[in-house]
Peer 1: 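Sending over a structure as structure tokens; questions will come in a sec.
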Amino acid sequence: MANIKLQPPRGTRDLIGEEFRRHHHVIETARRIAALYGFEEWATPIFEDTRVFARGLGETSDVVSKEMYVFQDRGGESVTLRPENTAGVCRALVSGGLTQSLPRKVFYAGPMFRYERPQAGRYRQFHQIGAEILGAAEPLADAEVIACGHHIIRELGLDEGVVLEVNTLGDAPSRDAYRAALIAHFSANRDKLSEDSQRRLEKNPLRIIDSKEAQDRALVADAPTIETFLTDAARAHWDALRRHLDGFKLPWRENPRIVRGLDYYSHTAFEFVTDRLGAQGTVMGGGRYDGLVEEMGGPPTPSVGWAAGVERLSMLLERGGLTPAAPRLVTVIPVGEAEEGAALALLQSLRAAGVAAEMGYRGNLKRRMERANKQGARAALILGEAEVSRGVAQLRDLDAGTQAEVPLAEVAARLG
RNA sequence: GCGGCCAUAGCUCAGGUGGUAGAGCGCCAGGUUGUGGUCUUGGAUGUCGCGGGUUCGAGUCCCGUUGGUCGCCCCA
């Protein structure tokens with residue numbers, strides 16, 4: 001063996017055993033629930049032309065400016081490992097000419113990549129599930145996509161530790177007016193702001209609202225809220241959304257401090273947050289993005305959606321003691337080589353009947369029993385010379401420790 | 001991109017003020033003839049993350065580096 005110690009690249013990890021089962025459970029549950037809401041699943045490429053993200057997410061957003069895995073392929077094209085999938089879905093909608101048949105509901109699941117410092121609930125390769133409703137300007141679409149997300153969280157058994165918070169970012173005119181008001185408010189007290197927030201004042205004043213710094217909080221407390229700057233259309237959308245959330249019977253609360261990081265959001269912004277994951281409290285987040293499809297070269301296509309972090313949901317499952325159990329097999333054990341043929345036949349008949357079963361490759365009866373126990377098998381089927389000659393097997397229940405002789409023809413039915 | 005803490009067997013961790021490594025679990029083999037989970041006997045395993053430095057001598061001190069972890073920024 002070479003003496004170099006190979007490890008997964010920084011910020012990536014192997015999903016094995018319990019971790020894989022949790023991960024898989026999250027995705028399968030989401031897939032099943034999304035289907036109930038009429039979402040169809042898409043799979044878009046894991047890397048795209050860099051422009052898809054640079055244009056879609058906003059050149060100045062952190063994701064684009066410092067977190068993208070960008071590289072030149074052998075043909076000299078600049079490609080990027082997707083840091084999120086909404087831009088890719090919009091690009092696919094346009095590429096495939098699907099803007100002819102709207103609205104469409106899309107679900108996806110897969111790995112995303114962001115070059116950042118790993119910490120709790122944050123990885124360089126992480127996984128997201130997501131749902132998008134493309135081509136629907138109605139607030140009802142916002143509410144339904146949120147209802148779907150909530151349903152998934154509830155189905156996973158995580159709704160107790162997770163709360164839904166919603167906010168409105170308004171439309172462009174509302175936001176511009178609000179932004180100007182915030183700049184005016186904070187500029188007057190510029191020297192009282194934290195260093196980070198002074199920088200935000202230049203780059204993204206809305207972010208100051210969301211600051212964790214104590215010194216900022218005081219100024220934020222008497223800062224204007226967007227409420228007073230909403231246009232009639234934006235207000236109507238916001239009112240209708242809240243009405244529909246109640247219509248769906250969702251528990252939610254307003255949080256005027258929700259500011260989403262990507263440039264494409266407008267109107268609705270929401271997050272499902274938890275206090276059980278340390279600094280990474282957002283488990284699912286999304287909002288409305290009415291201009292993104294146009295950025296991809298398509299027609300105006302108002303849309304709304306969310307993405308959820310599979311690792312974060314998975315961590316909540318772990319902490320809640322909700323890790324799915326490993327499947328339990330039936331183990332076939334031939335006592336000696338002479339019984340191997342009969343054992344293989346029995347093994348395949350079990351599998352054909354839909355009973356998960358396996359047979360060890362080596363070892364005497366005792367070793368095979370030990371192994372079956374260690375693997376968590378639910379039953380062992382022992383075949384010795386006497387059993388084979390009489391067409392039966394010893395069926396041992398490994399939990400109860402009871403054992404009975406069963407005709408081979410009836411074994412599968414007994415284990416079904 | 002910035003900061004705190006950490007890095008010893010497969011895993012969880014002990015190893016006062018520096019003197020060439022230990023436990024539990026796990027793993028392997030037994031406790032005679034076709035039966036696991038309990039019990040019992042014995043056994044293997046580490047270039048103490050990596051690279052320098054101080055020292056007669058470093059797992060133990062110093063520097064660097066890589067990785068992990070937690071936090072900031074930002075985000076799922």
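Here is the naming used below: chain letters follow the sequence lines, and residue numbers restart at 1 for every chain. Side chains are part of it too, since the values below use all heavy atoms of this structure and drop only hydrogens, waters and symmetry mates.
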Peer 1: With heavy atoms under 4.0 Å as the rule, sort A/Gly401 into base, sugar-phosphate or nothing.
Peer 2: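 Base contact - A/Gly401 has a heavy atom under 4.0 Å of at least one base atom.
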Peer 1: Could you state the CG-P distance from A/Asp275 to B/G71, rounded to the nearest angstrom?
Peer 2: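 A/Asp275 atom CG is separated from B/G71 atom P by 13 Å.
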Peer 1: Any chance you could measure A/Ser314, atom OG, to A/Arg319, atom CZ, to the nearest 0.5 Å?
Peer 2: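 Those atoms lie 10.5 Å apart.
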Peer 1: Aromatic rings A/Phe47 and A/Phe71: how do their planes relate, parallel, tilted or perpendicular, breaks at 30° and 60°?
Peer 2: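 A/Phe47 and A/Phe71: tilted rings.
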Peer 1: Taking OP1 and OP2 of B/C74, is either one under 4.0 Å from a side-chain nitrogen or oxygen of A/Arg200?
Peer 2: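 Yes.
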Peer 1: Assign each of A/Ala308 and A/Pro118 to its nearest nucleotide of RNA chain B by heavy atoms, then name whichever residue's nucleotide is nearer the 5' end.
Peer 2: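 Final value for this comparison: A/Pro118.
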Peer 1: With rounding to whole Å, what would you report as the distance between B/G52 and B/C70 at their C1' atoms?
Peer 2: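 After rounding to an integer number of Å, I get 29 Å for this pair.
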Peer 1: Quantified in whole Å, what is the P atom distance between nucleotide B/G31 and nucleotide B/G68?
Peer 2: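 Nearest-Å result for B/G31 against B/G68 at atom P: 46 Å.
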Peer 1: Taking atom C1' of B/C73 as reference, at what distance in whole Å does atom CZ of A/Arg199 sit?
Peer 2: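 Distance, rounded to whole Å: 6 Å.
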Peer 1: Nearest whole angstrom, please: distance from the P of B/A76 to the CG of A/Leu316.
Peer 2: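 From A/Leu316 CG to B/A76 P: 16 Å.
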Peer 1: I need the CZ-P distance between A/Arg367 and B/G37, as an integer number of Å.
Peer 2: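 In whole Å, B/G37 P and A/Arg367 CZ are 12 Å from each other.
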Peer 1: B/G71, OP1 or OP2 - any side-chain N/O from A/Lys212 closer than 4.0 Å?
Peer 2: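 For A/Lys212, the contact criterion (side-chain N or O under 4.0 Å from OP1 or OP2 of B/G71) is not met.
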Peer 1: Which is true for A/Asp399 with a 4.0 Å heavy-atom rule: it touches a base, it touches only sugar-phosphate, or it touches nothing?
Peer 2: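 Contact class for A/Asp399: base.
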Peer 1: Just checking, is any N or O donor in the side chain of A/Ser197 or A/Asp216 under 3.5 Å from an acceptor N or O on the other one?
Peer 2: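 There is such a pair between these side chains.
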Peer 1: What integer number of Å spans the C1' atoms of B/G4 and B/U20?
Peer 2: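 Pairwise C1' distance, B/G4 against B/U20, rounds to 34 Å.
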Peer 1: Is the ring centre of A/His150 less than 6.0 Å from the ring centre of A/Phe248?
Peer 2: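 No, they do not, as the ring centres are separated by 6.0 Å or more.
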Peer 1: Using the C1' atoms only, state how far B/G59 lies from B/G18, rounded to an integer number of Å.
Peer 2: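 Comparing C1' positions in B/G18 and B/G59 gives a spacing of 10 Å.
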Peer 1: With heavy-atom distances below 4.5 Å as the criterion, would you say the side chains of A/Arg114 and A/Met68 are in contact?
Peer 2: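 A side-chain contact under 4.5 Å is absent here.
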Peer 1: What nucleic acid atoms does A/Gly281 come within less than 4.0 Å of, heavy atoms only: base, sugar-phosphate, or nothing?
Peer 2: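 Nothing, no heavy atom under 4.0 Å.
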Peer 1: To the nearest Å, give me how far apart CD (A/Gln119) and C1' (B/G3) are.
Peer 2: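 Those two atoms, CD and C1', are 12 Å apart.
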Peer 1: What nucleic acid atoms does A/Gly278 come within less than 4.0 Å of, heavy atoms only: base, sugar-phosphate, or nothing?
Peer 2: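 Sugar-phosphate only.
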Peer 1: Parallel, tilted or perpendicular: which one describes the rings of A/Phe229 and A/Tyr178, with boundaries at 30° and 60°?
Peer 2: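 Taking A/Tyr178 first and then A/Phe229, their aromatic rings sit tilted (interplane angle of 30° to 60°).
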Peer 1: Go through the N and O atoms of the side chain of A/Arg117 and the base of B/G3, and report whether any donor-acceptor pair is under 3.5 Å.
Peer 2: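 A donor-acceptor contact between them is present.
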Peer 1: When the ring planes of A/Phe20 and A/His24 are compared, do they come out parallel, tilted or perpendicular, using 30° and 60° as the limits?
Peer 2: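 Parallel, since the angle between the ring planes stays under 30°.
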Peer 1: Please report, rounded to the nearest Å, how far the P atom of B/U69 is from the CG atom of A/Leu277.
Peer 2: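 That distance rounds to 14 Å.
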Peer 1: What is the distance, rounded to the nearest whole Å, between atom CD of A/Glu116 and atom C1' of B/C73?
Peer 2: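 Taking CD of A/Glu116 and C1' of B/C73, I get 10 Å after rounding.
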Peer 1: Using the P atoms only, state how far B/G57 lies from B/U41, rounded to an integer number of Å.
Peer 2: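 Their P atoms lie roughly 44 Å apart.
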Peer 1: Taking the same atom, C1', in B/A21 and in B/A14, what whole-Å distance lies between them?
Peer 2: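 About 11 Å, rounded to a whole number of Å.
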Peer 1: Among the nucleotides B/C27, B/C72, B/G37, which one has an atom lying closest to any side-chain atom of A/Asn373?
Peer 2: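 Shortest atom-to-atom distance from the side chain points to B/G37.
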Peer 1: Is it true that, when you exclude A/Tyr115 itself, more than 12 heavy atoms of the residues, nucleotides or ligands shown sit nearer than 6.0 Å to its OH?
Peer 2: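 Atom OH in A/Tyr115 is not crowded, with 12 or fewer foreign heavy atoms closer than 6.0 Å.
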Peer 1: Side chain of A/Arg10: nearest nucleotide among B/G36, B/A76, B/G68?
Peer 2: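 It is B/G68.
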Peer 1: Given A/Lys105, which partner from the list A/Glu40, A/Glu144, A/Glu41, A/Glu132 fulfils the salt bridge (Lys or Arg N to Asp or Glu O under 4.0 Å) test?
Peer 2: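 One option only clears the test, and that one is A/Glu144.
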Peer 1: Mapping A/Asp196 and A/Tyr115 onto RNA chain B by nearest heavy atom, which one lands closer to the 5' end?
Peer 2: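 First, find each residue's nearest nucleotide; the 5'-ward one identifies A/Tyr115.
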Peer 1: How far, in whole Å, is B/A9 from B/G15 if one measures between their C1' atoms?
Peer 2: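 14 Å, rounded to whole Å.
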Peer 1: Expressed in angstrom and rounded to an integer, what is the separation of A/Glu271 atom CD from B/C74 atom P?
Peer 2: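 Nearest whole value for this atom pair: 13 Å.
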Peer 1: Would you tell me whether A/Thr44 and A/Asn85 have side-chain atoms, one donor and one acceptor, within less than 3.5 Å of each other?
Peer 2: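 A/Asn85 and A/Thr44 do have a side-chain donor-acceptor pair below 3.5 Å.
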Peer 1: Answer with base, sugar-phosphate or nothing: what part of the nucleic acid does A/Ala372 contact at a heavy-atom distance below 4.0 Å?
Peer 2: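 Nothing: the residue A/Ala372, judged by heavy atoms under 4.0 Å, touches no strand.
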Peer 1: B/A76 base to A/Arg114 side chain: any donor-acceptor pair below 3.5 Å?
Peer 2: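 It does, because a donor-acceptor pair links the side chain of A/Arg114 to the base of B/A76 below 3.5 Å.
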Peer 1: Report which part of the nucleic acid A/Met284 touches: base, sugar-phosphate, or nothing (heavy-atom distance under 4.0 Å, all strands).
Peer 2: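 Sugar-phosphate contact only.
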Peer 1: Only stems of 3 or more consecutive Watson-Crick or G-U pairs count here, both distances under 3.5 Å; name the ones for RNA chain B, or none.
Peer 2: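 RNA chain B stems, ordered by first number: B:1-7 with B:66-72, B:10-13 with B:22-25, B:27-31 with B:39-43, B:49-53 with B:61-65.
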Peer 1: Report yes or no: do A/Trp238 and A/Asn167 form a side-chain donor-acceptor pair below 3.5 Å?
Peer 2: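 A/Asn167 and A/Trp238 do not have a side-chain donor-acceptor pair below 3.5 Å.
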Peer 1: Check this for me: does the side-chain of A/Lys66 come within 3.5 Å of the base of B/C74 through a donor and an acceptor?
Peer 2: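 No pair found.
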Peer 1: For nucleotides 33-35 of chain B, list the nitrogen or oxygen atoms of the protein found under 3.5 Å from its nitrogen or oxygen atoms, one pair per line.
Peer 2:
from  : atom 1 : to       : atom 2 : distance (Å)
B/G34 : N1     : A/Glu387 : OE1    : 2.9
B/G34 : N1     : A/Glu387 : OE2    : 3.2
B/G34 : N2     : A/Glu387 : OE2    : 3.3
B/U35 : O2     : A/Gln403 : OE1    : 3.2
B/U35 : N3     : A/Gln403 : OE1    : 3.0
B/U35 : N3     : A/Gln403 : NE2    : 3.1
B/U35 : O4     : A/Gln403 : NE2    : 2.8

Peer 1: For B/A7 versus B/U12, give the span between their C1' atoms, rounded off to a whole number of Å.
Peer 2: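 14 Å, rounded to whole Å.
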Peer 1: Flag the pair A/Val293 / A/Leu93 as yes when at least one side-chain heavy-atom distance between them is below 4.5 Å, and no otherwise.
Peer 2: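 Yes, their side chains come closer than 4.5 Å.
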